[in-house]
Colleague: 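The following block contains the structure, expressed as C-alpha cells.
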Amino acid sequence: MNTNEVRTRFAPSPTGYMHIGNLRTALYAYLLAKSNGGKFILRIEDTDQERYVEGAVDVIYRTMKDTGLIHDEGPDIGGEFGPYIQSERRGLYKEYAEKLVESGHAYYCFCDKERLEDLRARQTAMKVPTKYDGLCSKLSKEEIQAKLDAGVPYVIRQKMPKTGKTSFQDEVFGEISVENAILDDNVLLKADGLPTYNFANVIDDHLMNITHIIRGSEYLSSTPKYNLLYEAFGWEIPKYIHVSPVMKDANNKLSKRHGDASYEDFIEKGYLKEAIVNYIALLGWAPGDEREKFTMEDLIEAFDVKGISKSPAIFDEKKLAWLNGEYIRELSAEKFHELAAPFYEGVIKNPDIDLKLVSELLQPRCEKLSDIPEQVDFFDNLPEYDNELYTHKKMKTNPENSLEALKEALPVLEGIEDWTKENIHDALIALVEKLELKNGRILWPVRVAVSGKAFTPGGGVELAHILGKNETIARINKGIEQLSK
RNA sequence: GGCUCCUUGGUCAAGUGGUUAAGACUCCGCCCUCUCACGGCGGCUACAGGGGUUCGAAUCCCCUAGGAGUCACCA
C-alpha cells in the first residue's frame, strides 16, 4: 500500500434517511480523496442497536451510487481493512480498550445508571459541570477483580488528564485547544460490549488507515479526547476537517426530523441529481474563482479544503431551483422528454396530444420537473375563464375587439389544410397584415381562447398546433360564443 | 450555565493591511416578444457594534452583542 495515499471515509449511522448535510459531508470526503488520487471508504456505524432503522443502509448505498460518490472500500464491496460495519467488528474493540486499561489510560467502571443519573442531577442542581466523578478510577486492583469475578456489569472509561491542555490543528478552523480538566471520563466500551462512537471511530479510523477525517463541526469539541486516545496508543493523529452544518434558517439545522427535505425528496420534486450535487458542493465551499457549474469531474479538479467556510450555510431552495433550471435547459430534447414524461401522467390523458411537442415548450420553462402539471392542465380540458382575460393593455385588446379577432381568425384556421406550426403561424400573420394590426391583436385572443389561461407555455400558434385543428376550432368557437353574450 | 467556535447585502459567497468591497441567486426596471419563460442590459441592498494598533483596517488585537455546537453506556 502507498503510505502517502490520502484515505477519507464517510461513516454514517443507519438511523434514517440521507439528509442534505450528510450528503454534503460525504461529497467533501469523496472530493478530498479523489482530488488527491486517494481512496474513499464507506463505513457503517451501527453500534447503537436502539437507533438502527431497517432499510437505512440501502438508502445510503442507493444515494451514494446515484450521486456518483463511489466508494473504493465498503461493506458491500469489501476491501483489505474490513469488515466495514462496526457491529461486525465488535470483537476487536474490547482488546484495545483493555490495552488502555493496562497502560493506565482507561479504567473499569461499575457504576449503574441510577448512580450516574443521581450524580448528574446533583451536579445540575449545584450548577456544576456534569461529568463523571471518577469514583471507579479509585478502585483497587482487588476490588476490580472481585467485581469482575462476580459478574457485575461494567463499562470501560477513558481516564482524562487532570491538568494541562490538549490542542490540535483543524484544517478549516485552525487551532482548537481545551483544558484537560474539563474533559469527561467518557465511556469507551459499553456494558453490552460494543464501543461508543467516541472509541470506535478512533480505532476504526486508525485501523483503516484514514488520513483525513471530514465530519460535522459537532465533533469539534470532542476531538481533543480522541487525540488523547491516539496518543495513548502511540498512533499518528489524522488531519481533521470539520465542516459547519447546513441550516434551514439562521437558527436551525436542516434535519429530516423536522420534516426538511432529504435527498430523495428533492429527486421526487423533480430536481436533477447533478444539480443537487453541484448546489450542495457550493454550500459551504467556494472554488475561489467564479465558476458555478460543476460536474463531478470539475469538482474533483477544483476541490480544495481551503475553500471550505467556517460559518454555517443556509440552504436556499431558490438557488437550487435556478441551478436545476440551468441543468434542465442543457438537457437534450430527448432526455428532457424522458424525464418529463412521468409528470404528464394523469394530467394529459388525451392521446391526440403530442407530448414531445409539449416537452419542447416546457424545457425552457421549468426549473424543476414538478412545475410541469400546473403548466399543462389546460390541454385536456379548457378551463372556465372570464372574458376579462381578453383584456390586455399592451396588446391593446379587450373583449369587444377580441370577439372580432376570433371571428376573423376562425375561417383562416378552418382553411388550413396541413395543420403545421408554420402554416398556422403564416396564416395568422397574413391575417394580421391584411387587417393592418399588431400581432398581439389577433394572437392574444387566440391564445386566450385555446388555453383559457393568463399564462401558458408557448403562444397561441404553438398551442393551437398541439391541440389539433378540431379542438382549436372548437375552442375558438367557444370563445366567440362566450364573448357574444 | 461552563467550554469550543462562528459573524461581508435577504441567501450563497470572493476578499488575508491600501479594491469604486467581486460574482451568483432572489427582488425590481428595461429590451426581446402573441402571454409566460428563456436570453440580453441595468438597478437596490453588506463588512454585527464599540474600542484600539497603523500613515492606512472587512482584513491584526481587545471588549460587547447575536448565533451555533457540545457537555449520554447517541452518533
Side-chain angles (χ1 to χ4, degrees), chain A residues 11-13 15 45-48 50-51 109 111-113 116 120 124 127-131 153-157 170 173-174 176-179 182-184 186-192 194-198 200-201 215-224 242 244-245 247 249-253 279 282-292 307 309-323 325 329 361-367 375 389 392 394-395 397 425 428-429 432 438-448 451 453-463:
Chain A
S13 24
T15 54
E45 309 220 332
D46 60 346
T47 54
D48 184 7
E50 282 175 32
R51 290 210 308 164
C109 174
C111 295
D112 56 23
K113 283 210 157 118
L116 295 176
R120 207 171 352 246
T124 307
K127 302 210 170 170
V128 128
T130 52
K131 53 183 282 196
Y154 67 91
V155 301
I156 292 180
R157 308 187 91 107
D170 183 85
F173 286 93
I176 308 288
S177 108
V178 299
E179 297 290 335
I182 64 146
L183 264 21
D184 197 2
N186 285 136
V187 170
L188 265 19
L189 204 70
K190 299 186 265 189
D192 63 6
L194 284 174
T196 57
Y197 168 86
N198 296 318
N201 92 85
R215 53 158 62 134
S217 61
E218 64 268 28
Y219 296 106
L220 212 42
S221 51
S222 40
T223 299
H242 285 95
S244 283
M247 309 289 283
D249 54 48
N251 303 335
N252 302 288
K253 264 170 89 164
Y279 178 67
L282 260 19
L283 245 201
W285 171 79
D289 55 35
E290 302 203 335
R291 283 181 292 171
E292 286 214 290
S309 68
K310 297 182 194 180
S311 40
I314 297 174
F315 188 92
D316 182 9
E317 191 170 342
K318 280 231 176 81
K319 183 141 188 180
L320 201 214
W322 165 77
L323 195 57
R329 275 167 242 133
L361 253 30
L362 254 19
Q363 188 167 3
R365 276 172 253 260
C366 56
E367 292 195 312
Q375 292 197 79
L389 260 190
H392 192 286
K394 220 176 139 199
M395 297 302 117
T397 60
H425 175 266
L428 289 175
I429 294 301
V432 163
K438 293 251 304 176
N439 290 357
R441 275 289 307 281
I442 298 294
L443 293 168
W444 173 266
V446 169
R447 197 192 60 78
V448 170
S451 70
K453 295 183 80 173
F455 311 116
T456 52
V461 172
E462 284 106 330
L463 300 184

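Since the structure is predicted, the reported quantities are computational estimates derived from the model, not experimental observations. Letters go in sequence order (proteins before strands), and every chain restarts at 1.
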Colleague: When both hydrogen-bonding distances must be under 3.5 Å and the geometry is Watson-Crick or G-U wobble, what is B/C27 paired with, if anything?
Modeller: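 Per the H-bond distance test, B/G43.
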Colleague: Would you mind telling me which of B/A75, B/U70, B/U33 lies closest to the side-chain atoms of A/Y197?
Modeller: B/A75
Colleague: Do any N or O atoms of the protein come closer than 3.5 Å to N or O atoms of nucleotides 42-48 of chain B, and which pairs are they?
Modeller:
none

Colleague: Just by distance, no angles: are the side chains of A/T223 and A/R215 close enough, under 3.5 Å, to form a donor-acceptor pair?
Modeller: yes
Colleague: Across the strands shown, which category fits A/G284 at heavy-atom distances under 4.0 angstrom: base, sugar-phosphate, nothing?
Modeller: sugar-phosphate
Colleague: Quick check on RNA chain B: between A/L189 and A/I176, whose nearest nucleotide comes earlier from the 5' end?
Modeller: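 Its nucleotide being nearer the 5' end, the pick is A/I176.
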Colleague: What residues form a side-chain hydrogen bond (donor to acceptor under 3.5 Å, both in side chains) with A/K453, not counting sequence neighbours?
Modeller: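 Scan of A/K453 (side-chain hydrogen bond (donor to acceptor under 3.5 Å, both in side chains), adjacent residues dropped) gives A/D377.
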Colleague: Using a heavy-atom cut-off of under 4.0 Å over every strand shown, decide if A/T456 touches base, sugar-phosphate, or nothing.
Modeller: base
Colleague: Please write out each protein N/O paired with an N/O of nucleotides 59-67 of chain B under 3.5 Å, distance rounded to 0.1 Å.
Modeller:
{"unit_1": "B/G67", "atom_1": "O3'", "unit_2": "A/N251", "atom_2": "OD1", "d": "3.3"}

Colleague: Tell me, please, which residues at least two apart from A/E292 pass salt bridge (charged side-chain N to carboxylate O under 4.0 Å, His left out).
Modeller: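 Here the qualifying residues are A/K319.
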Colleague: Would you indicate what A/V446 reaches in the nucleic acid, counting non-hydrogen atoms under 4.0 angstrom: base, sugar-phosphate, or nothing?
Modeller: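 Here A/V446 touches no strand at all.
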Colleague: My understanding is that only residues two or more places apart in sequence, or in another chain, count here; which of them pass side chain to side chain contact (heavy atoms under 4.5 Å, CB included) with A/A321?
Modeller: A/Y271, A/E367
Colleague: Considering Watson-Crick and G-U wobble pairs with both distances under 3.5 Å, what does B/C36 pair with?
Modeller: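 WC or wobble partner does not exist here.
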Colleague: Return the set of residues passing side-chain hydrogen bond (donor to acceptor under 3.5 Å, both in side chains) with A/D170 (not counting sequence neighbours), or none when no residue passes.
Modeller: A/H242
Colleague: Once you apply a heavy-atom cut-off of 4.0 Å, does A/F315 come out as touching a base, just sugar-phosphate, or nothing?
Modeller: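 Answer is nothing: A/F315 stays at 4.0 Å or more from every strand.
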Colleague: Restricting both atoms to N or O, compile the protein contacts to nucleotides 22-29 of chain B shorter than 3.5 Å, with distance only.
Modeller:
{"unit_1": "B/A22", "atom_1": "N3", "unit_2": "A/E290", "atom_2": "OE2", "d": "3.3"}
{"unit_1": "B/G23", "atom_1": "O4'", "unit_2": "A/E290", "atom_2": "OE2", "d": "3.2"}
{"unit_1": "B/A24", "atom_1": "O4'", "unit_2": "A/E292", "atom_2": "OE1", "d": "3.4"}
{"unit_1": "B/A24", "atom_1": "O2'", "unit_2": "A/E292", "atom_2": "OE1", "d": "2.3"}
{"unit_1": "B/A24", "atom_1": "O2'", "unit_2": "A/E292", "atom_2": "OE2", "d": "3.3"}
{"unit_1": "B/A24", "atom_1": "O2'", "unit_2": "A/K319", "atom_2": "NZ", "d": "3.1"}
{"unit_1": "B/A24", "atom_1": "N3", "unit_2": "A/K319", "atom_2": "NZ", "d": "3.0"}

Colleague: Excluding sequence neighbours, so at least two apart, what forms side-chain hydrogen bond (donor to acceptor under 3.5 Å, both in side chains) with A/N251?
Modeller: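 Result, side-chain hydrogen bond (donor to acceptor under 3.5 Å, both in side chains) vs A/N251: none returned.
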Colleague: Quick one: list whatever passes ring-ring contact (aromatic ring centres under 6.0 Å, His included) with A/H425, sequence neighbours left out.
Modeller: none
Colleague: Considering Watson-Crick and G-U wobble pairs with both distances under 3.5 Å, what does B/U4 pair with?
Modeller: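 Matched B/U4 with B/A68 under the 3.5 Å cut-off.
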Colleague: Side chain of A/S13, backbone of A/T15: donor and acceptor closer than 3.5 Å?
Modeller: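 Not at all, since once roles are kept as given, no pair shorter than 3.5 Å links the two residues.
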Colleague: Going from CZ on A/R447 to OG1 on A/T397, what distance comes out if it is rounded to the nearest 0.5 angstrom?
Modeller: 10.0 Å
Colleague: In whole Å, what is the span from the CD atom of A/E317 to the P atom of B/C12?
Modeller: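 So the CD-P distance, A/E317 to B/C12, works out to 15 Å.
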Colleague: May I ask you to say what A/L116 touches in the nucleic acid, namely base, sugar-phosphate or nothing, with a heavy-atom cut-off under 4.0 Å?
Modeller: base
Colleague: Please report the closest heavy-atom contact between A/S244 and A/S217, naming both atoms and the distance.
Modeller: CA-OG, 3.7 Å
Colleague: Between B/A13, B/C3, B/C73, spot the one nearest the side chain of A/S309, thanks.
Modeller: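 So the nucleotide nearest the side chain must be B/A13.
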Colleague: In whole angstrom, what separates A/E462's CD from B/U35's C1'?
Modeller: 11 Å
Colleague: What is the nucleic acid contact for A/K394, judged by heavy atoms within less than 4.0 Å: base, sugar-phosphate only, or nothing?
Modeller: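 Touches a base.
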Colleague: So, using salt bridge (charged side-chain N to carboxylate O under 4.0 Å, His left out) as the criterion, who are the partners of A/E179 when residues are at least two apart?
Modeller: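 Listed in chain order: nothing, the list is empty.
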Colleague: Closest to the A/D184 side chain: B/A72, B/U35, B/C3?
Modeller: B/A72
Colleague: Does A/A286 reach a base, just sugar-phosphate, or nothing at all? Heavy atoms under 4.0 Å.
Modeller: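 Answer is sugar-phosphate: A/A286 comes under 4.0 Å of backbone atoms only.
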Colleague: What residues form a ring-ring contact (aromatic ring centres under 6.0 Å, His included) with A/F173, not counting sequence neighbours?
Modeller: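 ring-ring contact (aromatic ring centres under 6.0 Å, His included) check on A/F173 returns nothing, list empty.
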Colleague: Once you apply a heavy-atom cut-off of 4.0 Å, does A/S177 come out as touching a base, just sugar-phosphate, or nothing?
Modeller: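 If one applies the 4.0 Å heavy-atom cut-off, A/S177 turns out to touch the sugar-phosphate alone, with no base involved.
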Colleague: Taking side-chain hydrogen bond (donor to acceptor under 3.5 Å, both in side chains) as the test, write out the residues that go with A/R157, two or more places apart.
Modeller: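 Counting only residues at least two positions away or on another chain, A/R157 forms no side-chain hydrogen bond (donor to acceptor under 3.5 Å, both in side chains).
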Colleague: Looking across every strand, which nucleic acid part, if any, lies under 4.0 Å from A/K127 by heavy atom: base, sugar-phosphate, or nothing?
Modeller: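 Counting heavy atoms under 4.0 Å across all strands, no contact is made by A/K127.
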Colleague: Determine the contact category for A/R157: base if any of its heavy atoms lies under 4.0 Å from a base atom, sugar-phosphate if only primed atoms, P, OP1 or OP2 are that close, otherwise nothing.
Modeller: sugar-phosphate
